[in-house]
Amino acid sequence: MRLFKFVGSALVGGLLVLAPVYLAILLLLKAMSSLKALVRPIATLLPAWLPGEEIGSLLVVLIVCFIVGLSARTRHGRTALASIENSTFRRLPGYASIRGLAQQLAGHGQDEAWKPALAEIEEALVPAFIIEALPDGRSTVFVPSVPTPFAGSIYILSPERVHPVAIPLTQAIKALSSWGVGAKDLVAAMEQAPLGPARASARRL
């Protein structure tokens with residue numbers, strides 16, 4: 001059983017590392033494919049043995065990434081990027097959740113999206129992730145299944161039933177993929193809040 005848990009935990013950990021890299025490569029290849037027609041006139045000037053279209057499209061993508069990254073370091077650039085994001089990207093279904101997940105995995109989460117938490121479900125505390133805060137104070141909470149952290153159920157819970165925990169997202173996912181091993185760290189890192197029935201029971205354990 002220990003070997004099975006170890007293998008499962010290692011597989012999930014490797015997936016979390018490789019998935020963003022895989023998606024980044026797919027996006028890079030897609031962008032290069034879209035730019036081939038643009039760089040084709042220049043590529044014809046290069047020797048036939050040189051993959052001019054691929055090299056040219058890659059250079060264009062890298063230059064655009066450099067310019068965007070450089071712009072993000074300036075106040076006006078950040079304002080412009082935020083405006084583009086709010087007017088365009090945030091209208092895409094799932095964009096905000098995916099962006100929040102990527103930021104949390106990278107350790108740069110600045111909002112509540114995918115914040116680890118313990119949620120009171122019936123008489124128990126269960127590991128969960130805060131997806132978004134609702135205007136009335138309640139929270140949309142994702143309760144994952146075990147050992148697959150990205151499948152589960154959605155709940156709308158009142159604030160006294162949602163207890164954020166001050167740990168990285170990767171640590172919470174590791175506890176889930178290990179069938180609860182390490183859950184004591186989630187309880188220990190629970191942010192201070194009024195005790196609910198389920199939380200009070202957990203504290204007495």
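In what follows, every heavy atom counts, from backbone to side chain, and hydrogens, waters and symmetry copies are set aside. Nothing fancy with the numbering, it's 1 onward along the sequence.
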Heavy-atom pair of closest approach, residues [X] and [Y]:
X: Ala117; Y: Ile130; value: CB-CG1, 3.8 Å
X: Leu125; Y: Leu118; value: CD2-CB, 4.2 Å
X: Ala128; Y: Ala119; value: CB-CB, 4.0 Å
X: Ala172; Y: Pro116; value: CB-CB, 4.0 Å
X: Val143; Y: Pro127; value: CG1-O, 3.9 Å
X: Pro164; Y: Val162; value: CD-O, 3.5 Å

Roughly how far, to the nearest 0.5 Å, is the [atom2] atom of [Y] from the [atom1] atom of [X]?
X: Ser158; Y: Asp136; atom1: OG; atom2: CG; result: 9.5 Å
X: Leu134; Y: Thr140; atom1: CG; atom2: OG1; result: 4.0 Å
X: Arg138; Y: Glu160; atom1: CZ; atom2: CD; result: 10.5 Å
X: Thr44; Y: Leu46; atom1: OG1; atom2: CG; result: 8.0 Å

How about Val165 and Asp185: do any of their side-chain heavy atoms sit closer than 4.5 Å? no

Between the side chain of Ser33 and the main-chain N/O of Leu29, is any donor-acceptor distance below 3.5 Å? no

Answer yes if Val39 and Val64 sit in the same cluster of Ile, Leu, Val, Met, Phe, Trp and Tyr residues linked by side chain heavy atoms under 4.5 Å apart, and no otherwise. yes

Met32 reachable from Ile42 in the ILVMFWY side-chain graph, under 4.5 Å edges: no

Residue list, side chain to side chain contact (heavy atoms under 4.5 Å, CB included) with [X], at least two apart or on another chain:
X: Leu70; answer: Phe66
X: Ile55; answer: Leu50, Pro51, Leu59
X: Ile67; answer: Ile63, Ser71

Tell me which pairs pass salt bridge (charged side-chain N to carboxylate O under 4.0 Å, His left out) where either residue lies in residues 38-47, with sequence neighbours left out. Arg40-Glu53

Please list all pairs meeting salt bridge (charged side-chain N to carboxylate O under 4.0 Å, His left out) that have one or both residues in residues 60-70, counting only residues at least two apart or in different chains. none

For the pair Trp114 and Phe129, name the ring-plane relationship: parallel under 30°, tilted 30 to 60°, perpendicular over 60°. tilted

For His163 and Glu120: C-alpha separation, side-chain torsions, deciding distance, then whether side chain to side chain contact (heavy atoms under 4.5 Å, CB included) applies. CA-CA 8 Å; His163 310 290; Glu120 296 188 21; 2.8 Å; yes

What pairs with Lys36 under salt bridge (Lys or Arg N to Asp or Glu O under 4.0 Å), at least two apart in sequence or on another chain? Glu54

